[in-house]
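To start, the structure under review is shown below, and the notes come after it.
If you're wondering where the values come from, they're calculated on a predicted model, not measured in any experiment. If you read the sequence from its start, that first residue is 1, and numbering goes on from there.
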Amino acid sequence: MQEEKQHFKRELGLLDGTMLVVGSMIGSGIFIVSADITRNVGSAGWLLLIWIVSALITMTAAVSYGELSSMFPQAGGQYVYLKEAYNKLIAFLYGWSFFAVIQTGTIAAVGVAFSKFAAYLIPAFSENNFLFEAGSFKLSAAQLVSIVTIVILTYINSRGVKNGKIIQKIFTITKIASLFGLIVFGLFMAAKSDVWDANWANAWTAQSFNKDTNTWSEIGGFALLSAIAASMVGSLFSSDAWNGVTFISAEIKNPERNVGLSLFLGTLIVSIIYVLANVMYLAVMPLQEIAFAPSDRVAVVASEHIFGPTGTVIIAVMIMISTFGCNNGLIMAGSRVYYTMAKDGLFFKKAANLNKASVPGWGLWIQCVWASVLCLTGKYGDLLDFVMIIVIIFYILTIYGIFILRRKMPDAVRPYKAFAYPVLPALYILVAIAICVALLIDRTSTCGWGVLIMLAGIPVYYLTKGKE
């Protein structure tokens, strides 16, 4: 930690930390995910409740992390918390999963989301415009554009944390303003229609859409619980990446206070935006249109209702701004985890070095290369299906780590303590375990692979450890 104080520059304040949380969380999910949720539960009440519950779960986890961030205000964040609460193996499994699919897979997916919506403005960027083909391998313009954006953002961040924070602040403030603008215009227009009343006529009658029979059927009991769990993969994934600010604790001023506060303020802002966005969807669009929006692009259809034909262009620009800012935050934060792992001898040695700009340059470029490879495989979408269960498992372990550290380090200085401990952290753990169990039952194939990816890190750990 002494070395970090000598080399990392504490140039990020509370606003910067909050913008990193907000910017990393808001990608393309809020513009798309509500379609799949609506097909799963088929009612306005359940759609809104799932987003509210996801918001509460996310905020509970974030305020619980505040205690850990104040105890260990150093680079690496969640990796460090797991190492201190458990051991190097558990921490490595997190870092392994983080590098293999969680962070890099998300960067790839967000990059491709940027290029897909850029294709609305520049058709040549389409995912169907193939620039090179060799056997089963195809390189599309969308993949190339996504790689270029990842490389540009990696270069900007390699030049120093100040450059990254400027990009983050500009794009995050722009996306917050544009989202609130869309919500306000939508609710204003909705006041003149009866769509809202129609959507709430049978608000709590849950229905699920069957693709095979092309029909809706009422659901309840375990079928409803499974539908809710499946739906929450999307809403929780859209609300993820809030923990990125913990990775850059070594570069935040007064981290004992500002990291925890950034987590609270950032997740609160995003939660409010997400819930209001769904209220707006329900106010301007019939439920059927939300469920069956072309390519699940709910926000595009909503914007067309509000602004007419220009709505598509407005949303395309908004999502480009949103995804570009999101990837900046992901790229900036991720490299700090590899830096800390490398310091422990559990990642490429070069990643343990800071460059002349006092940032982990090697970590940034290694992350860039692997994220670009995932863009080229075209399998990033499949990887993201595996990611959420791994993410939730490590959130459970990290929050349980608060209980372990209270026993293990009872006299440690805790400038901030987990809100409503032990009730709220325990409640989060129970709810998160229930979601994991439901997912393993309902989506055994994808979630099972997710768990296997995580466990595949065990032999890698012992092979790596042997070379220390």
Side-chain angles (χ1 to χ4, degrees), residues 29 33 36-42 46-47 49-51 53-58 60-61 64 78 82 85-86 89-106 109 206 208-212 217 219-243 374 379-401 403 425-461:
V33 166
D36 185 58
I37 296 174
T38 305
R39 289 194 296 271
N40 284 333
V41 294
W46 287 108
L47 169 65
L49 185 62
I50 283 167
W51 281 103
V53 170
S54 296
L56 293 173
I57 288 172
T58 301
T60 300
S64 297
Q78 191 169 350
L82 289 164
Y86 300 95
L89 172 59
I90 299 296
F92 175 80
L93 290 180
Y94 171 71
W96 157 263
S97 305
F98 186 83
F99 177 72
V101 289
I102 294 174
Q103 197 79 347
T104 50
T106 305
S208 183
F209 183 74
N210 189 315
K211 290 180 183 177
D212 298 327
S217 57
I219 55 172
F222 185 76
L224 176 58
L225 290 175
S226 293
I228 291 170
S231 298
M232 289 184 73
V233 170
S235 58
L236 286 173
F237 188 79
S238 301
S239 307
D240 196 33
W242 50 266
N243 59 337
L374 294 181
K379 298 296 182 184
Y380 47 85
D382 296 336
L383 287 170
L384 291 185
D385 286 339
F386 309 151
V387 163
M388 205 58 231
I389 194 161
I390 310 176
V391 170
I392 296 173
I393 287 169
F394 281 112
Y395 282 157
I396 292 168
L397 288 172
T398 306
I399 291 176
Y400 185 66
F403 293 83
L427 184 62
Y428 174 87
I429 290 168
L430 291 173
V431 171
I433 289 172
I435 292 171
C436 284
V437 171
L439 286 174
L440 283 169
I441 294 170
D442 191 60
R443 295 189 174 186
T444 308
S445 55
T446 53
C447 289
W449 275 109
V451 174
L452 285 176
I453 288 172
M454 178 184 68
L455 295 178
I458 295 175
V460 176
Y461 169 76

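Shortest non-hydrogen contact noted between T58 and S239 is OG1-CB, 3.5 Å. Across all their heavy atoms, A85 and G401 have their closest contact at CB-CA, 3.8 Å. Here the closest heavy-atom approach between residue I37 and residue L47 is recorded as CG2-CD1, 3.6 Å. When every heavy atom of A227 is checked against every heavy atom of N40, the shortest pair comes out as CB-O, 3.6 Å. Here the closest heavy-atom approach between residue S54 and residue M232 is recorded as OG-CE, 3.7 Å. The heavy-atom pair separating V33 from S235 by the smallest distance is CG1-N, 3.8 Å.
Atoms CG and CH2, from L236 and W51 in turn, are 9.0 Å apart once rounded to the nearest 0.5 Å. If you take OG1 on T106 and CZ on F98, they are separated by 8.5 Å, rounding to the nearest 0.5 Å.
Using a distance-only test at 3.5 Å, with no hydrogens or angles considered, a donor-acceptor pair links the side chain of W96 to the main chain of I453. The backbone N or O of F99 sits less than 3.5 Å from a side-chain atom of T104, completing a donor-acceptor pair.
Applying side-chain contact (heavy atoms from CB on, under 4.5 Å) to C447 and the options L440, I441, L452 leaves one that passes, L440.
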Open item on the list: side chain to side chain contact (heavy atoms under 4.5 Å, CB included), that's the test. Do L427 and T60 meet it? Break it down for me.
Closed with: CA-CA 9 Å; L427 184 62; T60 300; over 6 Å; no

TODO: Could you give me the CA-CA distance, side-chain angles and deciding distance for W46 and L224, then say whether side chain to side chain contact (heavy atoms under 4.5 Å, CB included) is met?
DONE: CA-CA 10 Å; W46 287 108; L224 176 58; 3.6 Å; yes

Open item on the list: One pair to check against side chain to side chain contact (heavy atoms under 4.5 Å, CB included): V41 and S208. What are the steps and the verdict?
Closed with: CA-CA 5 Å; V41 294; S208 183; over 6 Å; no

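L455 pairs by the side-chain contact (heavy atoms from CB on, under 4.5 Å) definition with V451, I458, not counting sequence neighbours. The side-chain contact (heavy atoms from CB on, under 4.5 Å) search around F403 returns Y400, R407, Y421, P422, P425, A426, I429, not counting sequence neighbours.
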Name the atoms and distances for all side-chain donor-acceptor pairs under 3.5 Å in residues 387-399, with sequence neighbours left out.
| residue | atom | partner | partner atom | Å |
| --- | --- | --- | --- | --- |
| Y395 | OH | D240 | OD1 | 2.3 |
| T398 | OG1 | Y65 | OH | 3.4 |
| T398 | OG1 | Q78 | NE2 | 3.0 |
| T398 | OG1 | F394 | O | 2.6 |

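In this structure the side chain of V460 reaches within 4.5 angstrom of the side chain of F92, judged on heavy atoms.
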